[in-house]
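Atoms within each ligand, like the ligands themselves, are counted from 1 in listed order. Computed from a predicted structure; not experimentally measured.
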Amino acid sequence: MRQRSSITVAVLTLLAAQSAFRIPAQNAIPRPRTRTYFVAADPVTWDYVPGGRDEIAGKPYADTAFFAGASPREVSTKYKKVLYREYTDSSFQSLKTRPPEWEHLGFLGPVLHAVVGDTIRVVFRNNGHRPFSVHPHGVFYEKSSEGVPYNDGTSARDKMDDSVPPGSTYVYVWAVPARAGPGPMDGSSVMWMYHSHVNEVRDIDTGLMGVIIVTSRKMARADGTPKDVDREIVANFAQVEENDSWLARDNLPSRDSLRILSPIPNPSEVQAIYPWFSKFSINGFVHGAMPLSALTMKRGERVRWYVMSSTNDFDFHSPHWHGNTVTIAGMRTDVTFLGPMAMVVADMIPDDVGTWLFHCHVSFHNEGGMAVRYRVIP
Ligand SMILES: [Cu+2]
């Protein structure tokens, strides 16, 4: 009798546990799935100062000197680039609309969200003028999805991802195992970057870079975002060397491009006649030109900042948030440090209402324009 009642209790407990798992759809743990993204490398004219104003100084851009005592800077802030852009399907006819909360991404590619246990499929279309690729960090890739040409002992099918010719499409497939997700000291999500890696430096300086965000399964919403975060923000600190871009020659004023005869000029040759080609940028914006509306958050929101840097010789940055503090791996700060291609995740619960500076604390980067503003509203 006693044994029978304990069986009954066990069955009732099991039934109760099962009904407890019938939780509302918005709290349900998403099943592992394949997330497909249609991403093209597109020729685009990008403006580093879209509003024409230095919003750190609060003046028209052309009125403000580059460094104190420097000669007046060039007025055109538009450069031909090749950027990753997201499309709705494999016809690559319709660009996917970027929602307002992701407007701050600027010249970065789309964020590829995934959950531990998922598979990411990137259908990559090269609309550029030369071979490009997509190389991911962190996720699990086989040799056919690494996106880098080097002497790795592979051949044939395993080389097709290395360098995708202009006008071609290639499908990259990346698994997202536990080691691509949050580690023991991480929060509910981690960041990885992706970029073209046929010629790593020149491809990135041409504009081909983006971000992958991987969320732990138990903390993920259906769209892959972490459910303990209200707002995700990505910030790429980059000294973009436009002199190193594949399109450097096309971006020179015509009087200067006549002085350079080679179709792909030597970067130092361009730099010598046109020093402005070094762009001290956050997501492709300089001197506070990122629209304030793109970085507006509410007091008390749980804001996760994914901060990273680029690959050039001087891509050492110290991002500094004014007005509010963050925690990074459980430790409190308001400044962090990035070496080349570094990635840091910082959590903020803003409590200080106002318009605040977010800038690089390396002094010549800050003076050179590596600064944006963010706004906290009540
Ligand atoms: Cu810096």
Side-chain angles (χ1 to χ4, degrees), residues 46-50 54-57 61 64-70 73-74 77 79 81 104-108 137 191-193 195 200-211 233-245 267-268 271 274-290 292 294-295 304-326 328-329 331 333-346 348 356-374:
W46 175 255
D47 192 347
Y48 283 91
V49 190
D54 176 336
E55 289 293 7
I56 304 301
Y61 172 78
T64 48
F66 184 60
F67 294 113
R73 62 183 165 206
E74 96 286 19
T77 54
Y79 285 73
K81 300 190 74 66
H104 70 270
L105 287 175
F107 70 9
L108 295 176
H137 288 219
M191 81 180 302
W192 302 106
M193 54 179 83
H195 55 89
E200 192 249 351
V201 177
R202 290 199 115 145
D203 293 0
I204 290 174
D205 280 324
T206 304
L208 291 168
M209 200 167 190
V211 165
I233 293 170
V234 171
N236 170 226
F237 284 68
Q239 177 169 343
V240 186
E241 293 294 349
E242 288 288 351
N243 51 306
D244 227 341
S245 162
S268 53
Q271 189 68 13
Y274 228 63
W276 310 123
F277 269 40
S278 286
K279 296 291 181 198
F280 300 91
S281 125
I282 300 174
N283 295 1
F285 298 99
V286 298
H287 295 280
M290 182 188 291
L292 195 50
L295 276 191
R304 182 160 290 166
W305 297 76
Y306 302 92
V307 183
M308 67 180 192
S309 56
S310 188
T311 189
N312 284 293
D313 297 349
F314 296 103
D315 269 313
F316 291 89
H317 308 287
S318 50
H320 170 42
W321 292 267
H322 282 230
N324 292 278
T325 64
V326 297
I328 296 171
M331 291 190 287
T333 186
D334 66 358
V335 180
T336 188
F337 174 72
L338 302 167
M341 298 300 255
M343 297 166 276
V344 167
V345 181
M348 173 190 284
W356 303 109
L357 205 54
F358 175 47
H359 69 98
C360 181
H361 236 302
V362 175
S363 60
F364 80 99
H365 290 176
N366 189 28
E367 277 192 74
M370 192 172 271
V372 297
R373 296 170 307 155
Y374 76 98

His320: partners by ring-ring contact (aromatic ring centres under 6.0 Å, His included), with sequence neighbours left out: His322, His359, His361
Centroid separation under 6.0 Å, is that true for the rings of Phe358 and Phe237? yes
Arg202: which residues meet the salt bridge (Lys or Arg N to Asp or Glu O under 4.0 Å) condition with it, sequence neighbours left out? Asp244
Residues in salt bridge (Lys or Arg N to Asp or Glu O under 4.0 Å) with Glu242, at least two apart? Lys81
Ignoring waters, protein N/O/S atoms under 2.8 Å from the Cu ion (ligand 1) are His317 ND1, Cys360 SG, His365 ND1
Please report the interatomic distance CD1(Ile56) to CD(Glu367), rounded to the nearest 0.5 Å. 13.0 Å
To the nearest 0.5 Å, what is the distance between CG (Asp315) and CD (Glu241)? 8.0 Å
